[in-house]
Participant: 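Below is a structure I'd like to ask you about.
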Amino acid sequence: MVKTKKFVVAKHFEGEPKENDLQLVEEELPSLKDGEILCEAVWLSVDPYMRVFAPTLPKGSIMIGTQVAKIIESRNKGFPVGKYVVGHLGWQTISVHNPQQPTTSPMAPTYLLPDFGELPLSLALGALGMPGNTAYFGFLEICQPKAGEVVVVSGAAGAVGSLVGQIARIKGCKVIGFAGSDDKVRWLKDDLHFDAAYNYKKTDVDTALKEAAPNGVDCYFDNVGGVMSSTILSHMKPKGRISVCGSISSYNADAKQLAVAPVVQPYLVFKELKMEGFVVHRWLDRWMEGIHQMKDWVKDQQLVYRETITEGFENMPKAFIGLFRGENIGKAVVKA
Ligand code: NAP
């Protein structure tokens, strides 16, 4: 009998997630049926969306999440032993899984890891995976940026934001980023070549934009929501485009007592702005296009990636909580 370790929901999160909201349990796995594979987690992802969806999981359910896993036993010819898969297998060390079983999940179905050459496999959870595609499609398709335009990114030093800013630079835009520490700001300016970057915890966003974008902002990629985003919207140029990717500033808040942010409708109306939210799985039919383009940019060194690696499956809750404390630079991943 093969045993797996997994994290299950012990208590629904209230405010910032706590380590003992999740419980580590051991379980014996059944033997494989036709079509199934046994895979061992190599890299696991922690992402902000888990905070949003966890309250919908019944207590005792495995925590949701994607991992890169090695196939160690297989009864599926399309998924042979030794290959790696990228799959929504949850927070567990070993899984029995049928990659071809139809599912109602909106997440990308399990796929064999494409050939990354010399690049680390963990990138399948970051620049060459869901966050990469979020940046690629969510920015390019919704903002439709043109060379010379001014682009603002919040959550700029995170998994998605750091890629959006660089894609904007590749497209010839002027890029301004907001992130939560001086170290992050230095990285954005020195290594990612953002035209301007500010620590929003120390610098007034309104003042920063008057300095960095005196003629206004064409495109805003919003990762955080809240007051910061309302302020950025007040700096948009007429006919500006806003891609609403997330609102992490509110994820730990009680939905009935959300922070009040300045009303944005007057900017939308009088500047005729276009603001559109999206879920990256809208582009599932173009998933590999995004991954291959991002890979080419990484290989050409047009795109720099960074990972914050937490060692040890047992430390998944710590890595997850770190997202809400700004502890990660680039993509937060856990090495099993
Ligand atoms: P991430 O940015 O790598 O990690 C989270 C970061 O958010 C932290 O490092 C922290 O950076 C920042 N943060 C935490 N609390 C904050 C607060 N109260 N106010 C402002 N910033 C805060 O995460 P990610 O994976 O790239 O995700 C970024 C956003 O995209 C999230 O909102 C996520 O839900 C969203 N997302 C959406 C889609 C989609 O399909 N729509 C897909 C992927 C991700 P600082 O130090 O800068 O505060």
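Every heavy atom of this structure was used, including side-chain atoms; hydrogens, water molecules and symmetry mates were not. Whatever order the structure lists them in is the order used to number ligands and atoms, beginning at 1.
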Participant: Look at atom 15 (N) of ligand 1 and say which protein heavy atom is nearest, naming residue and atom and giving the distance to 0.1 Å.
Facilitator: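 For atom 15 (N) of ligand 1, the nearest protein heavy atom comes out as Phe324 O, 3.9 Å.
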Participant: Strictly under 4.0 Å, does any heavy atom of Ser181 approach an atom of ligand 1?
Facilitator: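 Ser181 does not count as a contact of ligand 1 under the 4.0 Å cut-off.
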Participant: Taking N or O atoms only and a 3.5 Å limit, does Met228 qualify as a polar contact for ligand 1?
Facilitator: no
Participant: Do me a favour and list the nearest non-hydrogen protein atom to atom 46 (O) of ligand 1 with residue, atom name and distance?
Facilitator: Lys184 NZ, 2.6 Å
Participant: When you measure from the heavy atoms of Lys331 to every atom of ligand 1, does any distance fall below 4.0 Å?
Facilitator: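 Flag not set, Lys331 not near ligand 1.
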Participant: Using a strict cut-off of 4.0 Å, indicate which atoms of ligand 1 neighbour a heavy atom of Val224.
Facilitator: 20 (C), 21 (N)
Participant: In the protein, what heavy atom is nearest to atom 7 (O) of ligand 1, and what distance, to one decimal place, separates them?
Facilitator: Ile248 CD1, 3.6 Å
Participant: For atom 27 (O) of ligand 1, what's the nearest protein heavy-atom neighbour? Residue, atom name and distance, please.
Facilitator: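 In this structure, atom 27 (O) of ligand 1 has Pro48 CG, 3.6 Å as its nearest protein heavy atom.
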Participant: Considering the heavy atoms of Ser247, write down every atom of ligand 1 situated less than 4.0 Å from one of them.
Facilitator: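 Listed by number with element, the hits are 32 (O).
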Participant: Can you pull out the closest protein heavy atom to atom 26 (O) of ligand 1? Residue, atom name and distance to 0.1 Å, please.
Facilitator: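 The closest heavy atom on the protein side is Val160 N, 2.8 Å.
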Participant: Can you report which non-hydrogen protein atom sits closest to atom 42 (C) of ligand 1, along with the distance?
Facilitator: Thr134 OG1, 3.3 Å
Participant: Should Glu16 and Arg325 count as an ion pair when the cut-off is N to O under 4.0 Å?
Facilitator: yes
Participant: Side chains of Leu123 and Pro120: does their closest heavy-atom pair fall under 4.5 Å?
Facilitator: yes
Participant: Using a strict cut-off of 4.0 Å, indicate which atoms of ligand 1 neighbour a heavy atom of Val280.
Facilitator: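 In order of numbering, the contacting atoms are 39 (C), 40 (O).
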Participant: Side chain or backbone, does Asp47 bring an N or O within less than 3.5 Å of an N or O on ligand 1?
Facilitator: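 No, no N or O pair falls under 3.5 Å.
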Participant: Evaluate Asn223 for polar contact with ligand 1, using N/O atom pairs at a separation under 3.5 Å.
Facilitator: yes
Participant: When you compare the side chains of Ser154 and Tyr220, does any donor N or O come within less than 3.5 Å of an acceptor on the partner?
Facilitator: yes
Participant: Taking atom types as modelled, is there a side-chain donor on Thr310 or Asn315 under 3.5 Å from an acceptor on the other?
Facilitator: no
Participant: Who's the nearest protein heavy-atom neighbour of atom 36 (N) of ligand 1, and how far?
Facilitator: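 Closest protein heavy atom to atom 36 (N) of ligand 1: Cys245 SG, 3.5 Å.
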Participant: Are Glu314 and Lys5 within salt-bridge range, i.e. N to O under 4.0 Å?
Facilitator: yes
Participant: Would you mind checking if Asp206 and Lys210 are paired as a salt bridge, meaning a charged N to carboxylate O distance below 4.0 Å?
Facilitator: yes
Participant: Hey, are Asp218 and Lys146 close enough for a salt bridge, meaning a charged N less than 4.0 Å from a carboxylate O?
Facilitator: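 Looking at Asp218 and Lys146, the cut-off is not met.
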Participant: For residues 300-307, which side-chain donor-acceptor pairs fall under 3.5 Å, sequence neighbours excluded?
Facilitator:
{"from": "Glu307", "atom 1": "OE1", "to": "Ser122", "atom 2": "OG", "distance (Å)": "3.2"}
{"from": "Glu307", "atom 1": "OE2", "to": "Ser122", "atom 2": "OG", "distance (Å)": "2.7"}

Participant: Main chain of Met130, side chain of Asn133: is a donor-acceptor contact present, judged purely on distance under 3.5 Å?
Facilitator: no
Participant: Hey, is Gly330 one of the residues with a heavy atom under 4.0 angstrom from ligand 1?
Facilitator: yes
Participant: Please check: side-chain N/O of Ser74 versus main-chain N/O of Phe79, any donor-acceptor pairing under 3.5 Å?
Facilitator: yes
Participant: Tell me, which protein residue and heavy-atom name are nearest atom 21 (N) of ligand 1, and how many Å apart are they?
Facilitator: Tyr200 OH, 3.3 Å
Participant: Could you pull out all residues at least two apart from Asp47 that satisfy side chain to side chain donor-acceptor pair (under 3.5 Å)?
Facilitator: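 Expected list: Ser45, Lys331.
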